Amino acid sequence: MRYDLVIFDNDGVLVNSEPISNRILADYLTELGHPTTYEDSLRDYMGAAVHRIHDLVLERSGERLPAGFDESFHTRVFEAFRAQLEPVPGVGEVLRELAADGVPYCVGSSGSHERIRVALNGTGLFAWFGEERIFSSQDVGRGKPAPDLFLHAAKMMGVPPERCAVVEDSPLGVRAALAAGMDVYGFTAMTPGERLTGATALFSEMKELPRLLQ
């Protein structure tokens, strides 16, 4: 394999969380007086840290979201995750293959540490990572599309950026990986390939990924 580290996004790449969280977000924003459809949420917030929600709402409406927004949103999402969340089909086999080949991998997610752990624990994927291989936008000053998170993950794992491959499903994540000087593989199960501009390669099923990384 030509990479020394594979960095996986979490939402939509490891776990099928994007439909759940974006429906909840669209409903919650609409409830708060900021009409948002599911499609709007996917377009504007998929792959982003929660501060982007605050920034865009303020920019568009001139109003700030309530102080308890983050806590209420995460409570709703975590309840749904515990009841509904499943791993992305085939991702367990990909992780097993990487581990068997001795290829290091980690998570680099815009989500909070709590969100990542709720998702990975609930789907049985946490055992493939452990605490030392989980990195969140909480660890850095800026979330995606800034490169900070991926650069931080590479540094903590002891691998130069040019030796890293990122697996992403959002335009913001692809932009972040490219800005970090990393190759990025765009997962198109939910996102049209034309929105993942600049990706090194595109794939629609997880079973395709190991071949692309060779």
Side-chain angles (χ1 to χ4, degrees), residues 1-15 46-49 87-113 115-117 119-120 125-191 193-214:
M1 188 168 291
R2 65 181 186 270
Y3 300 104
D4 296 331
L5 177 65
V6 181
I7 305 174
F8 289 90
D9 178 39
N10 183 47
D11 295 296
V13 171
L14 295 176
V15 297
M46 183 173 166
V88 166
V91 76
E93 289 76 7
V94 170
L95 296 173
R96 186 177 296 110
E97 185 169 340
L98 291 175
D101 291 343
V103 179
Y105 57 86
C106 65
V107 178
S109 172
S110 292
S112 67
H113 276 286
R115 177 183 173 122
I116 298 167
R117 283 158 178 76
L120 295 183
L125 294 177
F126 183 82
W128 289 105
F129 293 93
E131 294 291 340
E132 71 280 0
R133 290 194 284 180
I134 295 176
F135 305 101
S136 160
S137 62
Q138 287 183 313
D139 301 329
V140 295
R142 300 180 298 170
K144 305 169 189 177
D148 304 34
L149 172 58
F150 291 141
L151 292 173
H152 171 69
K155 180 178 179 180
M156 296 301 293
M157 296 292 290
V159 177
E162 64 271 15
R163 298 293 304 160
C164 296
V166 175
V167 185
E168 266 288 353
D169 71 329
S170 75
L172 293 176
V174 169
R175 286 168 55 193
L178 293 174
M182 301 176 180
D183 285 352
V184 55
Y185 293 85
F187 186 41
T188 62
M190 277 195 61
T191 307
E194 58 267 23
R195 295 196 63 212
L196 302 179
T197 304
T200 306
L202 302 173
F203 67 106
S204 60
E205 296 184 32
M206 270 296 156
K207 64 183 180 182
E208 303 172 53
L209 181 60
R211 175 184 57 81
L212 294 174
L213 296 175
Q214 296 297 325

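Given the structure is predicted, the values throughout are model-derived calculations rather than measurements.
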* Please, which pairs that meet salt bridge (Lys or Arg N to Asp or Glu O under 4.0 Å) have at least one residue in residues 133-153, sequence neighbours excluded? -> D9-K144, R142-D148, K144-E168
Side-chain polar contacts of residues 193-200 - donor-acceptor pairs under 3.5 angstrom, sequence neighbours left out - could you list them?
from: T197; atom 1: OG1; to: E194; atom 2: O; distance (Å): 3.2
from: T200; atom 1: OG1; to: V184; atom 2: N; distance (Å): 3.0
from: T200; atom 1: OG1; to: V184; atom 2: O; distance (Å): 3.4

* A48 versus L172, closest heavy-atom pair with distance -> CB-CD1, 3.5 Å
* N10 vs V15, side-chain contact (heavy atoms from CB on, under 4.5 Å): CA-CA, chis, key distance, verdict -> CA-CA 6 Å; N10 183 47; V15 297; 3.9 Å; yes
* Exercise: identify the closest heavy-atom pair between L5 and A153 -> CD2-O, 4.4 Å
* Structure fact -> Hits for side-chain hydrogen bond (donor to acceptor under 3.5 Å, both in side chains) against R117, two or more places apart or cross-chain, chain-then-number order -> H113, E131
* Asked: Just how far is it from atom CZ of F8 to atom SG of C106, taken to the nearest 0.5 Å?
  -> 9.0 Å
* **Atom pair CD1 (I116) and CZ (F126), whose distance is rounded to the nearest 0.5 Å** => 10.5 Å
* Asked: Applying salt bridge (Lys or Arg N to Asp or Glu O under 4.0 Å), which residue pairs with at least one partner in residues 94-110 are found, sequence neighbours left out?
  -> none
* Asked: Is there side-chain contact between I134 and L120, with at least one heavy-atom pair below 4.5 Å?
  -> yes
* Keeping the roles fixed (side chain from S136, backbone from G111), state whether a donor-acceptor pair exists under 3.5 Å. => yes
* Check whether any side-chain heavy atom of F203 sits under 4.5 Å from a side-chain heavy atom of R211, and report yes or no. => no
* Structure fact -> On a heavy-atom basis, the closest approach of Y185 and A165 is CE1-CB, 3.9 Å
* Structure fact -> Heavy-atom closest pair (F129 atom, L14 atom, distance to 0.1 Å) is CZ-CD1, 3.7 Å
* To do: Would you check if S170 and T191 make a side-chain contact, meaning some heavy-atom pair closer than 4.5 Å?
  => no
* Shortest non-hydrogen contact from I7 toward G108 -> CG2-N, 3.8 Å
* Has the side chain of S110 got a donor or acceptor atom that lies under 3.5 Å from a matching backbone atom of S137? -> no
* For residues L149 and S109, report the shortest heavy-atom separation together with the two atoms involved. => CD2-O, 3.4 Å
* To do: Ignoring hydrogens and angles, tell me if any N or O in the side chain of Y3 forms a donor-acceptor pair with the backbone of V103 under 3.5 Å.
  => no
* Asked: Say you draw a straight line from CE of M206 to CG of L209; how long is it, rounded to the nearest 0.5 Å?
  -> 6.0 Å
* Structure fact -> Hits for side-chain contact (heavy atoms from CB on, under 4.5 Å) against A180, two or more places apart or cross-chain, chain-then-number order -> P147, F150, L151, M182
* Structure fact -> One should read off an interatomic distance between L213 CG and Y105 OH, to the nearest 0.5 angstrom, of 13.5 Å
* Asked: Who are the salt bridge (Lys or Arg N to Asp or Glu O under 4.0 Å) partners of R115, not counting sequence neighbours?
  -> D11
* D4 CG to R2 CZ distance, which is reported to the nearest 0.5 Å -> 12.0 Å
